[in-house]
Amino acid sequence: AGGVDTFFLVYSASLVFFMQAGFAMLCAGAVQKKNVQNTMLKNLLDACGAALGFYSVGYAFAYGGSFEGGTTTFIGNTNFFLMGVDDYVFWLFQFAFAATSATIVAGTLAERCQMSAYVCYSVILSGFVYPVIVHAIWSYTGFLSPNSANPLFGVGMIDFAGSGVVHMTGGITAFIAAQILGARKGRFFDERGMKLKKPKAFPGHSIALQVLGSFILWFGWYGFNVGSTGKITTAAASETAALAGVNTTLAAASAGVAALFANLIHVERKTGEATFNLNFAMNGCLGGLVCITAGCALMEPWAAIIVGFIAGLLYLWFSNILVKKCIDDAVDAIPVHMINGFWGLIATGLFAAPRHMERVYGTSEHVGWFYEWGRGRGNFNLMGCQLIGALFILAWVTAIMLPFFIVLNYLGWFRADALEEIVGLDISYHGGMNVATGAADVKPEYMDAFLRRKNEQSQGRIRRRRRSSEKGSGLPEDLESSLGNSGGPMQQNQRELEDTPRSQQLHHTQTGADQGIPAGTGAPGHVHAQEPRGLQADVSMPPPAEHYGGNIPPGATFASIPATSNIPPHHHQQPGHHPYGSGIPVQNSQGPSFQQHHQHHGQMPGSQYGQGQVFIGPDGQPFTVPPHILLAHQQQQLQQQQQLQHQLSLQQMHQQQHVQEQYHQDELDVQYHADTSHHHHQQHFVSPNAVHSNSGARQRGSSSSRHPGDRTRRSQSHGYIQQAAQQQYGNAGVDFYQQQQQQQQQLQL
């Protein structure tokens, strides 16, 4: 008998674990194609995280130290890492339940949740939150357990297979997470943050996968409900298992039909067109399976049909409420699991039959409330336990998961980046493996922006690794960032300097000093180059400004000279020296070779270190400059650009002030003519040429044409002037004012 019961539990655990495939197919079909791979990985991680968490601490918190007749405790305290556990098949069965509770949340947060956050809450839910609820309701020492020595109200909370323990726990967690995480981009609000009149639907990419997932879940639910019998060898256990299977089937069917046709009637009355919604039918079936889980072995089949029918209606009702409240649930897991999980507990308190209670729990003193009415009394003990148990689940999950998700969101670890969400989490988290098929509905500009930012982040990480692994260049951060964002030869030299070891950044030569070149002298365009930070403490040699002169002449151009280039000789300079301040000459044909020169200074022509440092002077002669002097020169150029931009901004400000003064003067003209014409009871305007001549006289400095009230009218706005002209002279006044504005704009241009 023991072997048969063991096989029964192993088989039931296999069916429950196979529900993971159903959840995966359902979620994959309900999301957009660009997020399929990410959703599938999260479902896989649910099983992995639940296995490790439930093995290490979860099972100990749920059943550790629990034995028949033991003292009531809040949480288990033994059997960590399965130490001292002999009944491994029971652990296997319970692990499958824990994994199911964690997977419920995956669908709700699909398409916008970070991977790290998902792993974190999956482990804490299956390793701590869920086990405490299991201990309170299913263990021998739980304060709500009907199997404890002193059950609450003489009966305890009845949750045969987990409507509250598993599904309500996962549903509440999903509801809290969805509130904090927020809706998907464009679901309820547009790009400007304005609420849409009608929420935008995000249909899944495959209805076939959703139907397949629903059927897999229905199939696995037989292991969920029937397997909760625990054994199959006794006559009572066999009858209980059979009844659980029948009620599971009837409740699911009833709920699916109710959801389908209730939505059909609602849409037909609202739009005049009958529509059969397959999604509502599928989720209605799942809602019926959830609600019957608590009392599948305690209700009559006719009661299961009623309970399932109500579950289908509850699903539709709460799904619409979520949309109205702008709570985004990608797969409608919240109304399916949270609402119908709660309804399953209440339905058990109403429909638990006396004969089934006697067979399963050995007592029929406290039964369903409807049966208590049939007995002629209003015994509320069982219903009271059901309500207290539901409140305990709500309080415990909220107390742990609400602060947890708030902290995750505050640290920025919860929601995926907005650009990553737009292009799809498959591309963001899985190396672009699904770019060709998953990003077809992504706008090209979003994809270009994402790839450009990804490239910048990769380059930044490479630079940081180089700076941490090498001794470092010691460049100021502000200069380094400004060069990194600019193009041209200066940017190339900055990158070369990042890749160059510090031993090669300083040229160990006394060429400049031997030539007698004083620091700070040379051709125009001289820049004073300071020794980079980080090199002053351990280098006993003069700074580069003293060593090379630090000059880059105006008109010098960047040149990349390969190793095979022929360097022209210096016809007008002393042998071995070029005048433009680098102090590292390009030798003529009589001096040392170009290759020997770079070997002496630790660089080779044609290498990544040597090419970016060759310049052509105004006289056409090449010369080399050290990288840090190039950077100092670039810093000077940036400062000059900033000064030029500041001057341009001042000029623009003065121009705007001048235009504003002219604008007030034009307003004065219109108002003055309006007042003058009204005073003389004229019915027509003076000619525009006359007004223009008056304006020209005023601009030349004549004050005779100004009205005495000019100073007070100067503060009147454009809208008042135009309104006054229209009230006194109709459309002709408005046309005159607009004509004056156009003439003034042409004069300014």
Give every donor-acceptor pair under 3.5 Å between a side-chain atom in residues 195-208 and any protein atom, sequence neighbours left out.
| from | atom 1 | to | atom 2 | distance (Å) |
| --- | --- | --- | --- | --- |
| H205 | ND1 | A28 | O | 3.1 |
| H205 | ND1 | V31 | O | 3.2 |
| S206 | OG | L209 | N | 3.2 |

Side chain to side chain contact (heavy atoms under 4.5 Å, CB included) partner of Q20, chosen from I216, L217, T103: T103
Taking V129 as the fixed residue, which of V397, I172, T173, I393 is the one that meets the side chain to side chain contact (heavy atoms under 4.5 Å, CB included) rule? V397
Residues forming a salt bridge (Lys or Arg N to Asp or Glu O under 4.0 Å) with R452, sequence neighbours excluded: none
What is the minimum heavy-atom distance between [X] and [Y], and which atoms define it?
{"X": "P335", "Y": "L322", "value": "CD-CD1, 3.6 Å"}
{"X": "A262", "Y": "L313", "value": "CB-CD2, 3.6 Å"}
{"X": "A294", "Y": "G344", "value": "CB-O, 3.6 Å"}
{"X": "K34", "Y": "V423", "value": "CD-O, 3.8 Å"}
{"X": "A390", "Y": "L345", "value": "CB-CD1, 4.0 Å"}
{"X": "I334", "Y": "A178", "value": "CD1-CB, 4.3 Å"}

The side-chain hydrogen bond (donor to acceptor under 3.5 Å, both in side chains) partner of R415 among E421, Q114, E420 is E421
Below 4.5 Å, heavy atoms only, C-beta onward: do [X] and [Y] meet side chain to side chain?
{"X": "L260", "Y": "F280", "answer": "no"}
{"X": "T169", "Y": "L125", "answer": "yes"}
{"X": "F175", "Y": "I327", "answer": "yes"}
{"X": "Q94", "Y": "Y130", "answer": "yes"}
{"X": "L316", "Y": "H266", "answer": "no"}
{"X": "L402", "Y": "I180", "answer": "yes"}
{"X": "W91", "Y": "F54", "answer": "yes"}

Is the ring pair W221/H167 parallel, tilted or perpendicular, if the boundaries are 30 and 60 degrees? parallel
Should the pair F61 and F128 be assigned to parallel (<30°), tilted (30 to 60°) or perpendicular (>60°) ring geometry? perpendicular
Distance-only polar pair, side chains of Y315 and N283, donor-acceptor under 3.5 Å: yes
Regarding K42 and N38, do their side chains bring together a donor and an acceptor under 3.5 Å, going by distance alone? yes
Can you tell me how far apart [atom1] ([X]) and [atom2] ([Y]) are? Round to the nearest 0.5 Å.
{"X": "L289", "Y": "S163", "atom1": "CG", "atom2": "OG", "result": "10.0 Å"}
{"X": "I406", "Y": "Q179", "atom1": "CD1", "atom2": "CD", "result": "11.0 Å"}
{"X": "H430", "Y": "L41", "atom1": "NE2", "atom2": "CG", "result": "5.5 Å"}
{"X": "T293", "Y": "M168", "atom1": "OG1", "atom2": "CE", "result": "14.0 Å"}
{"X": "L419", "Y": "I427", "atom1": "CG", "atom2": "CD1", "result": "10.0 Å"}
{"X": "W138", "Y": "F97", "atom1": "CH2", "atom2": "CZ", "result": "5.0 Å"}

May I ask you to decide if [Y]'s main-chain N or O and [X]'s side chain share a donor-acceptor pair within less than 3.5 Å?
{"X": "N340", "Y": "V290", "value": "no"}
{"X": "S56", "Y": "G53", "value": "yes"}
{"X": "Q210", "Y": "L26", "value": "no"}
{"X": "N35", "Y": "G424", "value": "no"}

If you count every heavy atom of other residues, nucleotides or ligands that lies below 6.0 Å from F93 atom CZ, does the total exceed 12? yes
Applying side chain to side chain donor-acceptor pair (under 3.5 Å) to S122 and not counting sequence neighbours gives D46
Those residues that, when tested against S101, pass side chain to side chain donor-acceptor pair (under 3.5 Å) (two or more places apart): none
Could you please spell out the steps behind the side-chain contact (heavy atoms from CB on, under 4.5 Å) verdict for D417 and S428? CA-CA 9 Å; D417 181 78; S428 305; over 6 Å; no
For L109 and Y121, run side-chain contact (heavy atoms from CB on, under 4.5 Å): C-alpha distance rounded to whole Å, both residues' side-chain angles, the deciding distance at 0.1 Å, then the answer. CA-CA 12 Å; L109 308 184; Y121 77 70; 3.5 Å; yes
Yes or no on side-chain contact (heavy atoms from CB on, under 4.5 Å) for F17 and F95, after CA distance, side-chain angles and deciding distance? CA-CA 9 Å; F17 185 76; F95 145 72; 3.9 Å; yes
For L408, what residues pass the side-chain contact (heavy atoms from CB on, under 4.5 Å) criterion, not counting sequence neighbours? A117, F404, F405, W413, F414
Pairs touching residues 169-193 that satisfy salt bridge (charged side-chain N to carboxylate O under 4.0 Å, His left out), sequence neighbours left out: E111-R184, R184-D328, R187-D328, D190-R192
